[in-house]
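All remarks here apply to the structure that follows.
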Amino acid sequence: MIDLRYVREHPDLVRASQRARGADDSLVDALIAADADRRAAVGAADDLRSAQKAASLAVRGASAEGRPAVLERAKALAAQVKDAEEAERAADAALRTAHLALANVVADGVPPGGEDDAVTLRTVGEVPEYDFPVRDHLEIGELLGAIDMERGAKVSGARFYFLTGPGALLEFALAQLAISRAVAAGFTPVVAPALVRPEAMEGTGFLGEHDEEVYRVERDDLYLVGTSEVALAGMHMNEVLDLSAGPRRYAGWSSCFRREAGSYGKDTKGIIRVHWFDKVEMFSFCPPADAAAEHLRLLQWEEEFLTALELPYRVVDIAAGDLGTSAARKFDIEAWFPSQGTYRELTSTSDCTTFQARRLSIRYRDAEGRTQVAATLNGTLCAVARTIACLLEVHQRADGSVHVPPALRPWLGGHELLTPGMSLAAVSGPGVPAPAAPTR
RNA sequence: GGAGGCUUCGCCUAGUCCGGUCUAUGGCGCCGCACUGCUAAUGCGGUUUGGGUUAAUCCCCAUCCCGGGUUCAAAUCCCGGAGCCUCCGCCA
């Protein structure tokens, strides 16, 4: 939800933002009208309630003979209040509808246009060259015994998979690396629920246009999250945070579930686009004035993570028409996928300014001690399945083995290569004693 | 799944049986002022959160977990829901 005061004071800027998104700018005027209606209705109902309260008190003080008349008057006012409150409710609902219809105000500097108009800010790392025919991540995964799509489909259907052997170990290695780096950077690590109540889903803006993307557990009126952003934002709903020591940062781990409705035929091979994956998500609460700077910090942490994995990538500034409802600005990092000969989205970070926090009522105390709406930001540190896909492809060798970046080695038994048929018993992690020599 | 208890303005708490200056009690904490070599102690005052109105103040309305209902009037009575706790059952 955007700030109503801002809409009142700068309707032209909000209209421009709507146009930049390719959305209807007349919604702004509808919102302003609904706001005026509501305030009129509230004023009328308040005045009537005030009169009725006085009348009601008069009933108590009335003499025996004056009482019937006073009571009559109080009853009449009560009826009027009832009507006025009905009108107030209607005006409230109309305002809410108009309010929810508006997406966040696009930040200054966001490129105009739609999906194809993202601006590449920089390209980092060399696109690798291979002197052998490259395999896609599924072929490599199958050679390594790391990915099993067929059995995933047998058990759960299309777009489900098993990570097996080295694939499973890779998941944990990535999780450890991501969480460790986040903790070192000052994030509070969080294991977040993947099943949330409607308020959290709605507050983060996922029941609007993304409604079709979301799994709903009807029986219990719960939703499966598409990202731990939902649980992390919901964590502090209806709270006043202390942000005097700087942004409050969380690194959340959870499974993520997406119906992928409307993506039939897209990325059907492998684990790039799946109904379920695990993810380490960064989430930050900060004063709105710091949000843009915080956004760049999240982006930097994302870049450092990919650099540690030795993955070539580019950073793109998403155009206004392609922003999510809650985002004022969004940067994606796209990593190189050799089998596709192109960069594909691996992580994404959004500055939601006060849009989510206003809905969720997440506030902080400013220097003067007043409560203000906080800003929220989110960024992927590691979406595991897709990252594994990218790693396998980029670091593949002619013989089907895969180079392990040094950053991951501590959790993969120190190995420099994952090789088809390798013994997993040798792939121990820190804290695990070396396997005992076989006794016979 | 079953039974019972609980939820009050940052924290604790009175009030709920029996509806009406509850415009919510008291303590702690916090803020201001006074007093005092300093600190402490003490005294006085303030201290929920939203909304409406306003240049600002004043004022008005709402708010006792949430949503309905009864009533001239609801923290208080009735119905529905949520959360927490205890016990039983089941379960990793």
Side-chain angles (χ1 to χ4, degrees), chain A residues 1-9 31-100 191-203 207 216-223 230-231 234-245 248 254-255 285 354-374:
Chain A
M1 273 193 282
I2 64 178
D3 185 358
L4 275 179
R5 225 165 333 190
Y6 185 83
V7 178
R8 268 181 234 148
E9 286 164 16
L31 176 60
I32 290 171
D35 177 42
D37 286 351
R38 187 198 75 104
R39 282 188 290 159
V42 166
D46 276 1
D47 289 346
L48 276 171
R49 263 190 297 261
S50 183
Q52 193 222 358
K53 248 168 107 166
S56 185
L57 278 178
V59 171
R60 187 149 197 249
S63 60
E65 59 272 25
R67 199 180 142 88
V70 176
L71 193 61
E72 205 47 51
R73 180 175 143 69
K75 281 185 180 178
L77 275 166
Q80 287 180 53
V81 165
K82 204 168 179 183
D83 290 346
E85 285 182 341
E86 190 53 49
E88 192 180 5
R89 260 195 295 277
D92 255 329
L95 174 64
R96 184 175 164 77
T97 304
H99 205 171
L100 290 175
V191 178
L195 220 41
V196 300
R197 302 167 52 148
E199 297 95 289
M201 211 54 162
E202 197 180 339
L207 292 188
R216 180 166 179 210
V217 182
E218 260 183 66
R219 197 175 163 141
D220 297 288
D221 200 18
L222 290 170
Y223 292 89
V230 177
M235 203 169 153
H236 287 306
M237 71 179 147
N238 302 318
E239 291 184 28
V240 179
L241 301 174
D242 179 6
L243 297 178
S244 57
R248 179 92 68 116
S254 83
S255 292
F285 300 89
T354 57
F355 191 85
Q356 288 180 330
R358 184 166 291 107
R359 259 193 222 188
L360 292 167
S361 185
I362 300 169
R363 293 164 300 165
Y364 71 102
R365 237 170 257 290
D366 66 16
E368 281 76 49
R370 286 182 303 241
T371 53
Q372 305 279 0
V373 179

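The figures here come from the full heavy-atom set of this structure, side chains too, leaving out hydrogens, waters and symmetry mates. All of these numbers come straight from a predicted model, not from anything done at the bench.
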Looking at [N], which nucleotide sits across from it as a Watson-Crick or G-U wobble partner, both distances under 3.5 angstrom, or is there none?
| N | answer |
| --- | --- |
| G10(B) | C28(B) |
| A75(B) | none |
| G4(B) | C85(B) |
| U70(B) | none |
| C33(B) | G43(B) |
| C17(B) | none |
| U57(B) | none |

Taking 4.0 Å as the cut-off, does a side-chain nitrogen or oxygen of Lys53(A) come that near to OP1 or OP2 on U23(B)?
no
Using a cut-off of strictly less than 4.0 Å, decide whether Ser50(A) has a side-chain nitrogen or oxygen near OP1 or OP2 of C61(B).
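Affirmative; the distance criterion is met.
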Measure [atom1]/[X] against [atom2]/[N] and give the value in whole Å, please.
| X | N | atom1 | atom2 | value |
| --- | --- | --- | --- | --- |
| Asp47(A) | C61(B) | CG | P | 9 Å |
| Met237(A) | G83(B) | CE | C1' | 12 Å |
| Glu239(A) | G10(B) | CD | P | 13 Å |
| Leu48(A) | A62(B) | CG | P | 12 Å |
| Lys82(A) | A62(B) | NZ | C1' | 19 Å |
| Glu88(A) | U63(B) | CD | C1' | 13 Å |

Between the side chains of Arg39(A) and Asp35(A), is the shortest nitrogen-to-carboxylate-oxygen separation below 4.0 Å, so that they form an ion pair?
yes
Could you tell me whether Glu88(A) and Arg49(A) make a salt bridge, using a distance below 4.0 angstrom between a side-chain N and a carboxylate O?
yes
Can you check nucleotides 71-78 of chain B for protein contacts, nitrogen or oxygen pairs under 3.5 Å, and list what you find?
from, atom 1, to, atom 2, distance (Å)
C72(B), OP1, Lys75(A), NZ, 3.2
C72(B), O2, Ser56(A), OG, 3.2
A73(B), OP1, Gln52(A), NE2, 3.3
A73(B), O4', Ser56(A), OG, 2.8

Protein-nucleotides 49-52 of chain B N/O pairs under 3.5 Å:
from, atom 1, to, atom 2, distance (Å)
U49(B), O3', Arg363(A), NH1, 3.0
G50(B), OP1, Arg363(A), NH1, 2.1
G50(B), OP1, Thr371(A), OG1, 2.8
G50(B), O5', Arg363(A), NH1, 3.2
G51(B), O3', Arg38(A), NH2, 3.0
G51(B), N2, Asp46(A), OD2, 3.0
G52(B), OP1, Arg38(A), NH2, 3.3

Can you name the salt bridge (Lys or Arg N to Asp or Glu O under 4.0 Å) partners of Glu86(A), sequence neighbours left out?
Arg89(A)
